[in-house]
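Below is one structure, written out as C-alpha cells; the observations come after it.
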Amino acid sequence: MTKHATSKPPHRVAVLAYDGLCTFEYGIAVEVFGAAWSGDPAPPYTVATVAGEPGALHAQGGLTVTPGGGLELLEDATTVIVPGWRRPHHQVPGRLAEALAAAHRRGARMVSICGGAYVLAAAGLLAGRRATTHWRLADDFARRHPGVVFEANVLYVDEGDILTSAGSAAGIDLCLHLVRRDLGPQAANAIACGLVVPPHRGGGQAQFVRRPVASDGSARLAELLDWMRASLDQDLSLDRLSRRAGLAPRTFLRRFSEATGMTPAEWVTAERLAHACDLLETTRLGMEEIAAGSGFGSAATLRHHFRRRLSTTPTLYRAQFAR
C-alpha cells in the first residue's frame, strides 16, 4: 500500500456482524479499511468487528465469527458499516437499532452494503433520505419503508453522513468512494489496484445489464467505448456514434443500452463527469479548461451537471478532494 503522510488520528471503523452474516460483504469492509493497509506504520483506519446480537455468530459458508466486542464498540466509532442483512423479513433487534441511532447522533458516519439498508431503515436513519439496495430487493424495500426516497438503479448513494450501496460488489465501489473522500484519489486507486478492480465507478451508474450485447458486435462496441473515453472533448452525438459503429441509429441505441444499461447520452455524461472529477482532483486547471477538456464546453454547463448529478459544485468538489 502506498504510504501517506498524516497527523490525524485514524478513522475508527466498526463493522457489524450478526448470525447469518453475509461473508462477502463483511469481507469487503475488512479488506478495504483493514487488510489493504497491512504493514502501514500509521494506517488511516482501524477496524473492529462488532457483535450486533448475543450468541454464536455464524457467517455464510460455514464460518464462525468472533467479534472484538459488543455494541459498546459503536460508542467510539467514526464510521459504522452494516453488511447485507440476513433476510428482509427478519426483524432487526431493537437494541441494535437503538445503538445505531445513538452512534449516528454522536456523529458516526453510517454505511450499508446491499440489504444492510434494511437495518439502517429500522433504526430510523433513512426517513426522508435517499438510499438504495440490491435491485432484487427494490420493490420489497420500497414497500416496507415508504418514507425512504428510494433510488432503484444506482450503485450507491452518498448522503454525506449516511451512505448506502446496491448489491454486494457495489459495496466495493462505495468503500473506495469513502477512501477517496477521506484520503484522496491516490489512496483509493492504490487499494483498487491491489484488489484488481476499477478505481472509480460513479454512484449513478446502472446496477446491472439486462442482456449482453450479441457476441458478433461486442468487440466492435468495446472498441467504440474505448474511443469515446479518449474523445470526450469531441462531438459524441448519436449520429456520429452510430456511423462510427456502422449501425442504424435505432439499432445502435438498442445495442448500446443492452451492453451498458444506459443511453449513449447518459454514458457520455457519466464519463465526462468522472474525467472532470479526475482533473479537479489532480490538476490546478481553471474551470473553463476543465469544462473544455471533459467535453462540457463551458464552466456553466460543468456546474449544471455537477449540481444535478453530484449535488455539489466543481469548486466545492475540488476543495474536498484535491491533493
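Quick note: numbers below take in every heavy atom, side chains included, and nothing from hydrogens, waters or symmetry partners. This structure is a prediction, so every number in the text was calculated from the model and none was measured. For this chain, numbers begin at 1 and follow the sequence in order.
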* Asked: Could you go step by step and tell me if D173 and R180 meet the salt bridge (Lys or Arg N to Asp or Glu O under 4.0 Å) rule?
  -> CA-CA 10 Å; D173 300 294; R180 287 169 67 90; over 6 Å; no
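Annotation: side-chain contact (heavy atoms from CB on, under 4.5 Å) contacts of T251 (sequence neighbours excluded): L247, A248, R254, R255. Looking at residues two or more places apart in sequence or on another chain, you find no salt bridge (Lys or Arg N to Asp or Glu O under 4.0 Å) involving R303. Applying the salt bridge (Lys or Arg N to Asp or Glu O under 4.0 Å) test to D158 and every residue at least two apart in sequence or in another chain returns R181. Residues forming a side-chain contact (heavy atoms from CB on, under 4.5 Å) with A127 (at least two apart in sequence, or on another chain): none. In this structure, the ring pair (Phe, Tyr, Trp, His ring centres under 6.0 Å) partners of F252, at least two apart in sequence or on a different chain, are F256. With sequence neighbours left out, the salt bridge (Lys or Arg N to Asp or Glu O under 4.0 Å) criterion links E289 to no other residue. Checked against ring pair (Phe, Tyr, Trp, His ring centres under 6.0 Å), H305 has the following partners two or more places apart in sequence or in another chain: F296. Residues satisfying the salt bridge (Lys or Arg N to Asp or Glu O under 4.0 Å) test with R109, not counting sequence neighbours, are D182. Residues that satisfy the side-chain contact (heavy atoms from CB on, under 4.5 Å) test with D226, not counting sequence neighbours, are R229.
Residue Q91 qualifies as open at atom CD: its count of foreign heavy atoms under 6.0 Å is 12 or below. In the displayed structure, R143 atom CZ is contacted under 6.0 Å by more than 12 heavy atoms of other residues, nucleotides or ligands.
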Can you give each donor-acceptor pair under 3.5 Å made by side-chain atoms of residues 114-124, sequence neighbours left out, with the distance rounded to 0.1 Å?
residue, atom, partner, partner atom, Å
Y118, OH, D140, OD2, 2.6
Y118, OH, F141, N, 3.4

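Note: the hydrophobic cluster containing L238 also contains W227 (ILVMFWY, side chain heavy atoms under 4.5 Å, direct or indirect links). Hydrophobic clustering keeps L316 apart from L285 (ILVMFWY residues linked when any side-chain heavy atoms are closer than 4.5 Å, directly or through intermediates).
Screening S165, S168, S112 for a side chain to side chain donor-acceptor pair (under 3.5 Å) involving E25 leaves a single residue, S168. For the side-chain contact (heavy atoms from CB on, under 4.5 Å) with Y45, the qualifying choice from T78, T79, L183 is L183, the only one to do so.
Formation of a donor-acceptor pair under 3.5 Å by the S231 side chain with backbone atoms of Q234 is not found in this model.
Sequence neighbours left out, the pairs with a member in residues 59-108 that pass ring-ring contact (aromatic ring centres under 6.0 Å, His included) are Y18-W85. Pairs engaging residues 76-105 under the salt bridge (charged side-chain N to carboxylate O under 4.0 Å, His left out) rule: E53-R86 [sequence neighbours left out].
There is no side-chain donor-acceptor pair under 3.5 Å between T132 and E151.
Taking each heavy atom of H275 and G293 in turn, the nearest pair found is CD2-O, 3.6 Å. When all heavy atoms of L126 and I162 are compared, the closest pair comes out as CD2-CG2, 3.6 Å. Across L155 and A170, no two heavy atoms sit closer than the pair O-CB, 3.5 Å.
A heavy-atom distance below 4.5 Å is not found between the side chains of T133 and T164. T49 has its side chain within reach of Y26: a pair of non-hydrogen atoms, C-beta onward, lies under 4.5 Å apart.
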